[in-house]
Structure formats: structure tokens, C-alpha cells
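Just below is one structure, and these are the notes that go with it.
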Amino acid sequence: MDNWDVTTNPDGATGDLPSVPSSPSITVLAGEAQRSYRISDRARVGRAQDAEVRLSSDEVSRHHLLIERKGQQFLVVDLNSKNGSRLNGHLLLPGAPQPLNYGDRLTLGRSVLLLFTPHDDVEEQLMMAQRLESLGRLAGGVAHDFNNLLGTVITNLSYLRRLQPETRLDHPDVRTTIDDSHAALRRASELTRQLLGFARQSREHDRPVNFSELVGEVVRMLRRTIDPAVSITEEIDPKIVVIADSNQLQQVLMNLVLNAADALQGGGQIQIRLKEVLGGGLVSSQRPHALLEVEDNGHGMDELTRARAFEPFFTTKEVGRGTGLGLSLVYGVAKSYGGEAQIESETGRGTKVRFLLPVASAPEFPTPVSGSRSLADSPTGLVLLIDDEDLFRASTTRMLRHLGFQVAPTRSGREALELVRSHPGVYRVVMLDLVMPDLTGEATFEALRRLEPDVQVIVISGQHDGARVEALLAAGARAFVPKPFDLETLRKELREAVEASS
């Protein structure tokens with residue numbers, strides 16, 4: 001398809017093709033849950049997990065269509081689909097690309113109807129406004145928690161520094177102090193990971209999400225933010241999995257719980273329930289659905305307020321207390337995945353919001369695969385560590401040497417590449433930071449692979465950028481280990497990398 005030559009469109013027009021601006025969308029009109037997908041320069045449409053426009057209808061093949069930019073024009077080609085494709089009613093011949101213009105309609109099989117349109121940035125802007133509002137409300141509780149955790153570590157280190165030189169490490173007070181510091185730092189690390197995930201601006205590709213775990217994580221974070229006079233109780237069925245964007249699900253739960261807390265000025269109770277139901281009484285389909293309920297015993301809503309609650313920018317809060325986007329976003333996310341949202345409320349009797357999404361079929365839930373190889377207890381091998389943060393590099397070097405690895409620490413990609421060039425064949429296992437100022441992790445990785453094609457690279461980073469990590473893993477990186485490390489995970493990955501390189 002690199003030599004596409006198109007001079008006609010399905011209606012028979014010839015000549016110059018009209019150009020399409022840079023930001024189109026595919027909108028589902030029929031045969032699927034109505035939603036829009038923003039596309040870039042290339043997008044596959046189909047049922048496969050790796051399809052950028054992922055549909056679920058049985059009429060759609062795993063890879064049904066390809067939409068691709070050629071210069072200033074987008075083209076569409078049927079990928080030899082099982083049930084065929086039509087462009088504005090005209091049959092697409094498999095492998096024969098046709099020009100695609102705004103307003104064109106694509107029919108997949110008999111009933112799945114798609115519309116090619118300009119992308120509207122308003123939805124993304126609304127999502128970001130709502131996310132920033134929620135993050136602002138989280139800041140106070142999170143800062144309080146971090147101060148407590150860091151205060152624990154600083155106090156413990158001060159205590160250890162004042163001990164007499166002859167004090168043994170196995171003294172009970174010393175061990176307790178170290179264990180308490182370690183626990184505090186692990187809590188801080190978990191809180192940071194949650195915040196990074198919540199603050200991520202981009203929408204991920206839809207994928208299986210363990211909704212049960214996600215609800216538990218978000219609720220733990222919200223407990224630090226909400227007034228202690230408000231109690232939160234949970235009833236969460238385990239292992240409920242949906243196909244969705246985890247960032248949007250986090251936002252939905254944040255909005256629902258924070259709204260409930262706002263209705264409980266002076267104290268009250270919020271009940272959060274997650275269970276699997278058949279339709280849940282909200283949708284006609286009887287396939288399994290995940291039903292999330294957030295209920296409060298606050299002041300409730302009158303009939304007029306309840307009728308308008310899902311409208312964008314409608315709010316009963318005073319100026320500065322809300323944008324009026326929270327519940328409209330909840331409703332939009334539910335609808336975009338073929339689900340539903342509903343409010344039950346009476347003045348003086350509290351409010352219950354019900355959020356319903358289809359449950360993922362069993363084969364779509366990823367099952368972790370555990371390694372079966374027996375690893376040696378004593379690690380050996382030379383590890384090239386590339387990280388620009390001095391304190392982190394020094395502490396990691398000490399720990400790896402203590403574990404039995406030989407370590408060559410470097411502070412930049414350029415410094416590491418010069419070392420590899422000077423000593424070919426020596427550095428076969430690399431720990432590579434993803435974010436560095438002089439040469440990015442990606443550029444360093446590409447240069448390393450050119451110098452040492454079989455080098456075993458473990459990517460490390462404190463920024464959990466899923467797209468960048470996945471791209472490096474697809475390009476041949478061995479593994480990703482997030483900072484701060486789970487020490488056993490790192491040791492296991494390094495042992496396997498040393499074995500693979502020998």
C-alpha cells in the first residue's frame with residue numbers, strides 16, 4: 001500500500017482530491033455503542049485488540065479497514081474483510097484504496113455505520129477542565145499525607161544518625177526504625193503512582209481494566225481528601241473486568257464520590273458498591289454488566305435539579321465550587337461504552353448514582369504468565385546503569401553491588417554510548433532511564449542496539465508513560481521496571497537478562 005494511486009472517488013469524480021485537515025475522527029452511528037475515536041495518520045478498524053478503532057460487532061473482521069493519510073488526503077481500504085465494506089453506499093474492493101472526505105459514511109457488514117468527521121476538541125477540553133478541578137481538590141489531602149510520610153522518614157533518619165557508632169544493625173529499635181521508614185516510602189510511592197495515573201492527560205487505547213482493583217485504589221486515595229466526618233463504606237465484588245480507558249473510569253469515580261461528599265457538609269455517609277448484574281434494569285441488553293453505585297445520605301435533589309443533573313455546565317454549587325461538568329462526563333463515558341447512567345434522588349433523602357458498563361468476556365481478561373525458569377541464587381554479570389539523577393544512581397549502584405552484580409554507573413546516554421564504543425562486547429545488560437535531558441531513552445536505546453544488537457535493555461522510569469514504554473518493548477527492550485523499584489522484581493529481571501546475554 002505504499003504506492004497508492006487514487007484518482008477517482010466512489011461517486012465517480014476525478015481530478016484534484018480535496019485536502020483533509022489534520023485531526024479527523026471516526027464516529028459510530030449504528031450497530032455499536034455510539035462513540036467517537038480520534039485518529040492520527042493511520043488507524044485500523046476492527047475487532048482485534050490492536051485496532052485503533054476497536055469494535056465488537058460480529059459483522060466486523062479482526063482487521064476490517066485501514067484508514068491512512070497520504071499527503072493532505074486520507075484514504076480507506078478494505079482489508080479483505082469477511083462481510084465487506086461500503087463507502088457512501090458503494091462497495092469497496094479489497095485492497096483498492098479510495099479517498100475519504102469529511103461527511104463520508106462507511107458501512108461494515110450489514111449494519112455497522114461509521115461517519116468520518118473533523119475531530120472536535122471540545123470534549124477533550126471539558127475532560128481536562130474536570131480533571132484539573134478534581135486534582136485541585138485532591139491537592140490538600142495529598143500534601144498532608146506526603147508531609148506525614150516524609151516526616152516519618154526524616155525523623156527516623158535523624159534518630160539513626162544520632163546513635164552511637166557501636167550500635168548494631170540488628171538492634172530491635174534500629175530494625176523497627178528501618179522497617180517504619182521503608183513502609184512510609186512504599187506508601188508515598190503508591191500515592192505517587194496513583195496521582196500520575198490520574199493526572200495523565202491522554203486517552204489510552206481501550207483495554208481490559210480490572211474495575212474492582214481500580215475502584216479500590218481510587219477510594220483509598222479519596223479517603224485522604226474527604227472530610228473525616230464523612231465515612232466511606234465499600235462493597236466491591238472481586239475481579240470485575242471491563243473494556244475501557246482506565247483514566248476515564250478513575251475520573252468517573254472521582255466525580256461521583258466528590259459530588260457525594262459536597263452534599264454532606266457537616267458529615268454523613270457515602271456507600272460505594274460494585275457488582276456484576278444482567279442489564280441492571282437500565283439497559284435492554286441482558287449481557288453481564290458492571291454496576292457501580294455511589295450513594296449518599298445528604299440533602300438530595302428536587303425534581304427539576306435531578307432532571308438537569310447530567311447537563312454540561314449545570315451546577316447548583318456556588319461560584320468557584322464546581323464547573324458543572326462532573327455528572328455530564330459520567331453520563332458521556334457510560335454512553336460511549338454502550339452503558340448507562342441514572343440518578344435516584346429526593347430532597348432530604350440523599351442521592352444514588354448508578355453507572356453501568358458491559359463486562360468484558362472472559363478471554364479478554366489478561367492472565368499474568370509467571371516465569372518457569374529456575375534462576376541461580378547468586379547473580380553475576382556486568383550491568384550498565386544509565387540515569388541522570390545522582391542520588392538515585394548512587395543508591396542503586398550500592399544496592400546492586402550488595403546483591404552481587406557488577407555495575408558501571410553512567411549519568412547520560414552519551415556517556416554510556418561512549419563507554420560501549422570503547423569496550424565492544426562488554427556491556428550486554430543495561431538499565432536505561434526513560435527520561436534524560438541530553439539524549440532520550442528512545443534515542444539511547446536505538447544507538448545501543450546499533451552498537452550491540454543483542455543487548456538486554458531493562459527500561460526504568462518514574463514517569464509511567466504507557467505509550468513510550470510499549471513502543472520500546474515492541475522495539476526489543478526486555479522489560480519495564482517502574483521507579484521506585486520492587487527490589488525482588490528488579491533482581492529477577494536482571495538475573496534473567498544476565499542469563500539471556502551469556
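Residues: numbered from 1 along the sequence shown. As a basis for the values below, the full set of heavy atoms in this structure was taken, side chains included, without hydrogen atoms, waters or symmetry mates. If you're wondering where the values come from, they're calculated on a predicted model, not measured in any experiment.
- The shortest side-chain heavy-atom distance between D387 and T396 does not fall under the 4.5 Å cut-off.
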Could you walk me through whether V242 and L249 satisfy the side chain to side chain contact (heavy atoms under 4.5 Å, CB included) test, starting with their C-alpha distance in whole Å, then the side-chain angles of each, then the deciding distance to 0.1 Å, before giving a yes or no?
CA-CA 10 Å; V242 296; L249 294 185; 3.8 Å; yes
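- With hydrogens and angles disregarded, no donor-acceptor distance shorter than 3.5 Å links the side chain of R273 to the backbone of E235.
- Closest non-hydrogen pair, P238 versus S212, comes out as C-OG, 3.5 Å.
- A distance-only check finds a donor-acceptor pair linking the side chain of Q456 to the backbone of D454 [under 3.5 Å].
- L494 contributes atom CG, which lies 8.5 Å from atom CG of L403 (distance to the nearest 0.5 angstrom).
- Distance alone, capped at 3.5 Å, places no donor-acceptor pair between the H171 side chain and the R168 backbone.
- Here the closest heavy-atom approach between residue V359 and residue A290 is recorded as CG2-N, 3.3 Å.
- Atoms CD1 and CD1, on I460 and I386 in that order, are 8.5 Å from each other to the nearest 0.5 Å.
- Using a 4.5 Å heavy-atom cutoff, the side chains of L253 and V219 are in contact.
- Annotation: side chain of I178 is in contact with side chain of V174 (closest heavy-atom distance under 4.5 Å).
- Of the inter-residue distances, the one linking Q73 atom CD with E68 atom CD reads 12.5 Å to the nearest 0.5 angstrom.
- Within the 4.5 Å cutoff, no side-chain heavy atoms of T167 are placed close to those of D173.
- Rounded to the nearest 0.5 Å, atoms CG (L357) and CZ (F211) are 6.0 Å apart.
- In terms of heavy-atom proximity, V294 sits nearest to A260 at CG1-CB, 4.3 Å.
- Atom CZ of R449 has more than 12 neighbouring heavy atoms from other residues, nucleotides or ligands inside a 6.0 Å radius.
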I240 vs V215, test: side chain to side chain contact (heavy atoms under 4.5 Å, CB included). Steps then yes/no.
CA-CA 10 Å; I240 294 180; V215 170; over 6 Å; no
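- Proximity of a side-chain donor or acceptor of T177 to a complementary backbone N or O of N156 within less than 3.5 Å is not detected.
- In plain terms, the two heavy atoms of A477 and F445 that are nearest each other are N-CZ, 3.6 Å.
- A distance of 11.0 Å separates OG1 of T410 from CE of M431, quoted to the nearest 0.5 Å.
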Report the C-alpha separation of R414 and E418 in whole Å, then their side-chain angles, then the decisive distance to 0.1 Å, and conclude whether the salt bridge (Lys or Arg N to Asp or Glu O under 4.0 Å) test is met.
CA-CA 6 Å; R414 299 187 189 281; E418 184 59 36; over 6 Å; no
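- E452 places no side-chain N or O within 3.5 Å of a backbone atom of P424 that could act as its donor or acceptor partner.
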Working for side chain to side chain contact (heavy atoms under 4.5 Å, CB included), residues R411 and R393:
CA-CA 8 Å; R411 69 180 67 247; R393 190 175 61 255; 3.3 Å; yes
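- Once rounded to the nearest 0.5 Å, the distance linking CG of L448 with CZ of R450 reads 9.5 Å.
- Using a distance-only test at 3.5 Å, with no hydrogens or angles considered, a donor-acceptor pair links the side chain of E52 to the main chain of R44.
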Check the pair L434 / L472 against side chain to side chain contact (heavy atoms under 4.5 Å, CB included), numbers first and verdict last.
CA-CA 10 Å; L434 184 62; L472 281 170; 3.4 Å; yes
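- In this structure, L222 and L258 have side chains that are in contact, with non-hydrogen atoms separated by less than 4.5 Å.
- Inter-residue side-chain proximity for L274 and E293 is flagged as unmet; no heavy-atom pair is nearer than 4.5 Å.
- Contact detail for L439 and G413: the closest heavy-atom pair is CD2-C, 4.1 Å.
- Under the 3.5 Å distance criterion, the side-chain polar atoms of Y37 are matched with a main-chain donor or acceptor of R54.
- With respect to the salt-bridge test (charged N to carboxylate O, under 4.0 angstrom), the residues D433 and K483 qualify.
- Counting heavy atoms from C-beta outward, R401 and P409 have side chains that approach closer than 4.5 Å.
- When every heavy atom of V209 is checked against every heavy atom of A244, the shortest pair comes out as CG2-O, 3.6 Å.
- No side-chain heavy atom of L384 sits under 4.5 Å from any side-chain heavy atom of V426.
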